[in-house]
Amino acid sequence: MSSRSPAQGVPAVSTPARRPSRRRLLRNAMAGAGALLAAGPLTGCTSPASASGASALSVWDLFQGGDGMLMDDMIEAVSKGSGGAEGFDVDRTILDWGPSYYTKLAMSAAGGRAADVAAMHLSRLAGYAPGGLVDAFDLDLLAEYGVTEKDFTPAVWSRTRHEGSVYAIPLDVHPFIVFYDKKAADKAGLLDTGGELAPMGSPEALLEAGKALAEATGGAGILFGHVTDTAQTWRLFAGLYAQTGADFDLPDGGPPKIDVDAAVRVVTLMTRLFDGKTNPNNLDYNGALAAFSSGRGGMAMLGEWELPTLKKSGLELGAAPFPQVFEKPAVYTDSHSFVLPHQDSPDPARRREAHRYVAQILKQSLTWASAGHIPAYQPVLAEPAYAALDPQSSYAGAAEVAVLDPPNWFAGAGSNFQNRMCQPLQSALLGDTTPEKAVRQMVREADTLLRQPNPVA
């Protein structure tokens, strides 16, 4: 999801009954290195044959650190079983987030002996479903376990399909949002009568908010870290561009269908907003996060996954969906989702259990929400316990207007596409090129990618 993943730190457990020892993690790493030499970048594979019985499932994910421990708790809860439902014996393999995760997932699926269930960013699905690397879900089977299409927002559910079948079940929505210091925002006159961030409605209002926050803090107004980051400027651009209502289509073979005027309009706003005066234009990700945490700025544009870190800052913390400043509400986001990696001859009983497992984990997503993620399973949002989460419930509406990367095999979280879009955008923010030249470079980069063949088609 980011160059600074929401899944960092100490690995979580591989089964609900035991935590992986350093020896087991080392053994997995060594086995992965051997596989790299033998068959390319395939590592960490746990064969479904390693677990026995229909309720024994092998699961791959990329959740480490705080997210990993929350997933540990969720797996432990469903493994115990409740309400007469049988539990699960989960053999969990945790792999490092990044491009390598998706290479390993593709290689395991191509071999036809992948895990029963795996995590995938929804933005990466277009690179897997068309090539047969993931199998479709049985919606009737999911419905038996209480999960149906109506339980998800259309904005997110629409990205789960390929040729009429559903290949991913969203666990969360993790948007690019704004965090703000409530005291500074109040002093700057930016809060509504309920004490929440008031709507802005125009680029000029956003620019004025930055100035007002700078005056209120005596430091910076709005903080944004992007230098050397491979995703941040794309997140900001993509969300703002979607608000213009213009299409950003990347048809196979090219050329890209990008509204250049709308794109220039967005990049121009970005350069005006981060002018190096009211709002710094040369911060890296960690620098922006540290500056906001220490009160040296009134607002920060970040992923919601930074909530656990920011809650430790001592700020009177507020959060909101990214402000609408152009014609259409839109928030750039992604979604951790569950997929069924392709298996040549899946056991029907195990496949049924995989569906039951996904459904049960979704129903535990109030736990997942504690880290800041918006549960994709809407019934959880209706629970009083979710409404009581502060500030999570303040930005839950972002899921209704979620915008993901273009559905192309080369796009999505951790992709080279994001990196190549970020390079000209970073240059524009740093004053090394004009918005017009930056957009032309983005179009050329997109065209180059579109002319490359899909390696798994």
Side-chain angles (χ1 to χ4, degrees), residues 1-7 66-67 97 119-125 152-160 168 170-180 196-197 199-200 206 222-226 229 231-243 248 266 285 288-289 292 299-311 317-326 328-337 365 368-378 380-381 386 389-407 411-414 418:
M1 174 178 35
S2 70
S3 59
R4 173 189 164 91
S5 168
D67 280 357
W97 141 253
M120 173 181 282
H121 288 85
L122 193 54
S123 63
R124 297 298 295 256
L125 186 64
F152 303 86
T153 66
V156 176
W157 187 259
S158 64
R159 291 295 298 269
T160 66
L171 168 64
D172 65 29
V173 178
H174 47 266
F176 186 68
I177 65 172
V178 293
F179 290 100
Y180 57 94
E196 302 291 336
L197 190 68
M200 294 187 184
L206 180 59
I222 301 173
L223 297 164
F224 175 66
H226 69 94
D229 193 279
Q232 275 289 89
T233 48
W234 168 250
R235 293 185 183 113
L236 179 57
F237 170 86
L240 288 170
Y241 183 90
Q243 289 186 5
F248 196 106
V266 168
Y285 191 101
L289 187 63
F292 181 67
M299 178 181 289
M301 295 178 173
L302 294 162
E304 51 72 25
W305 52 88
E306 296 299 348
L307 179 61
T309 298
L310 294 177
K311 277 199 165 185
L317 188 66
F322 197 92
Q324 179 186 347
V325 298
F326 290 121
K328 179 181 177 181
V331 177
Y332 179 79
T333 191
D334 208 332
S335 166
H336 292 118
S337 301
S365 52
W368 197 238
S370 66
H373 312 311
I374 304 171
Y377 184 64
Q378 295 290 288
V380 172
L381 299 185
Y386 183 80
L389 290 178
D390 182 30
Q392 289 94 315
S393 57
S394 298
Y395 55 82
E400 301 287 343
V401 290
V403 175
L404 282 73
D405 274 13
Q418 291 188 348

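Position 1 is the first residue of the sequence; numbering continues from there.
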Margin query: Quick check for you: to the nearest 0.5 Å, what is the distance between F322 atom CZ and L302 atom CG?
Written below: 11.0 Å
Next item on the list: List the atom of P175, the atom of W305, and the distance in Å for their closest heavy-atom pair.
Entry: O-CZ3, 4.2 Å
Next item on the list: Carefully, step by step, assess V403 and Y241 under the rule side-chain contact (heavy atoms from CB on, under 4.5 Å).
Entry: CA-CA 10 Å; V403 175; Y241 183 90; over 6 Å; no
Check: F179 and F292: aromatic ring centres closer than 6.0 Å?
Finding: no
Notebook entry, point to check: Where does the angle between the aromatic ring planes of H121 and W97 fall among parallel (under 30°), tilted (30 to 60°) and perpendicular (over 60°)?
Noted result: tilted
Item checked: Distance-only side-chain donor-acceptor flag, H373 / D67, under 3.5 Å -> yes
Next item on the list: Say whether, by atom type as modelled, one donor and one acceptor occur between the side chain of Q232 and the main chain of Y285 under 3.5 angstrom.
Entry: no
Margin query: To the nearest 0.5 Å, what is the distance between CG on L289 and CD on E306?
Written below: 5.0 Å
Check: Do E196 and Y180 pass the side-chain contact (heavy atoms from CB on, under 4.5 Å) test, and can you show the C-alpha distance, the side-chain angles, and the key distance before you say yes or no?
Finding: CA-CA 10 Å; E196 302 291 336; Y180 57 94; 3.5 Å; yes
Next item on the list: Specify the closest pair of heavy atoms between A320 and Y395, including all atoms of both residues, with the distance to one decimal.
Entry: C-CB, 3.8 Å
Note to self: Treating Q418 as the side-chain partner and A231 as the backbone partner, does any N or O pair qualify as donor plus acceptor under 3.5 Å?
What the structure shows: no
Check: Between P170 and S337, what is the shortest heavy-atom contact and its length?
Finding: CA-OG, 3.4 Å
Checklist line | Minimum-distance pair of heavy atoms, taken over all atoms of S365 and L171 | finding: CB-CD1, 4.3 Å
Notebook entry, point to check: Taking side chain as C-beta onward, heavy atoms only, is R159 less than 4.5 Å from L125?
Noted result: no
Next item on the list: For residues H174 and W368, establish whether the separation of their ring centroids is below 6.0 Å.
Entry: no
Note to self: Measuring only between side-chain heavy atoms, which start at C-beta, is L236 closer than 4.5 Å to Y332?
What the structure shows: no
Next item on the list: Look at the side chain of S158 and the backbone N and O of A155, then say whether any donor-acceptor pair between them is shorter than 3.5 Å.
Entry: yes
Next item on the list: Might you point out which heavy atoms bring V325 and Q243 nearest each other, and give the distance in Å?
Entry: N-OE1, 2.9 Å
Next item on the list: State, with a plain yes or no, whether a side-chain heavy atom of I374 is found less than 4.5 Å away from one of L381.
Entry: yes
Note to self: On a heavy-atom basis, which atom in P323 and which in L197 lie closest, and how many Å separate them?
What the structure shows: CG-CD2, 4.5 Å
Check: Under 4.5 Å between any side-chain heavy atoms of L307 and P391, yes or no?
Finding: yes
Margin query: If you count every heavy atom of other residues, nucleotides or ligands that lies below 6.0 Å from K311 atom NZ, does the total exceed 12?
Written below: yes
Check: Got a second to check how far F176's CZ is from W234's CH2, nearest 0.5 Å?
Finding: 13.0 Å
Next item on the list: Could you walk me through whether T153 and V401 pass side-chain contact (heavy atoms from CB on, under 4.5 Å), step by step?
Entry: CA-CA 9 Å; T153 66; V401 290; over 6 Å; no
Notebook entry, point to check: Is the shortest heavy-atom distance from the side chain of S335 to the side chain of D172 under 4.5 Å?
Noted result: yes
Next item on the list: Take V156 and T333, measure what side-chain contact (heavy atoms from CB on, under 4.5 Å) needs, and give me the verdict at the end.
Entry: CA-CA 9 Å; V156 176; T333 191; 5.6 Å; no
Note to self: What's the separation between atom CZ in R235 and atom CG in D405, rounded to the nearest 0.5 Å?
What the structure shows: 9.5 Å
Check: What distance do Q324 atom CD and L206 atom CG have between them, rounded to the nearest 0.5 Å?
Finding: 12.0 Å
Item checked: Value rounded to 0.5 Å, distance of CG in L404 from OG in S123 -> 6.0 Å
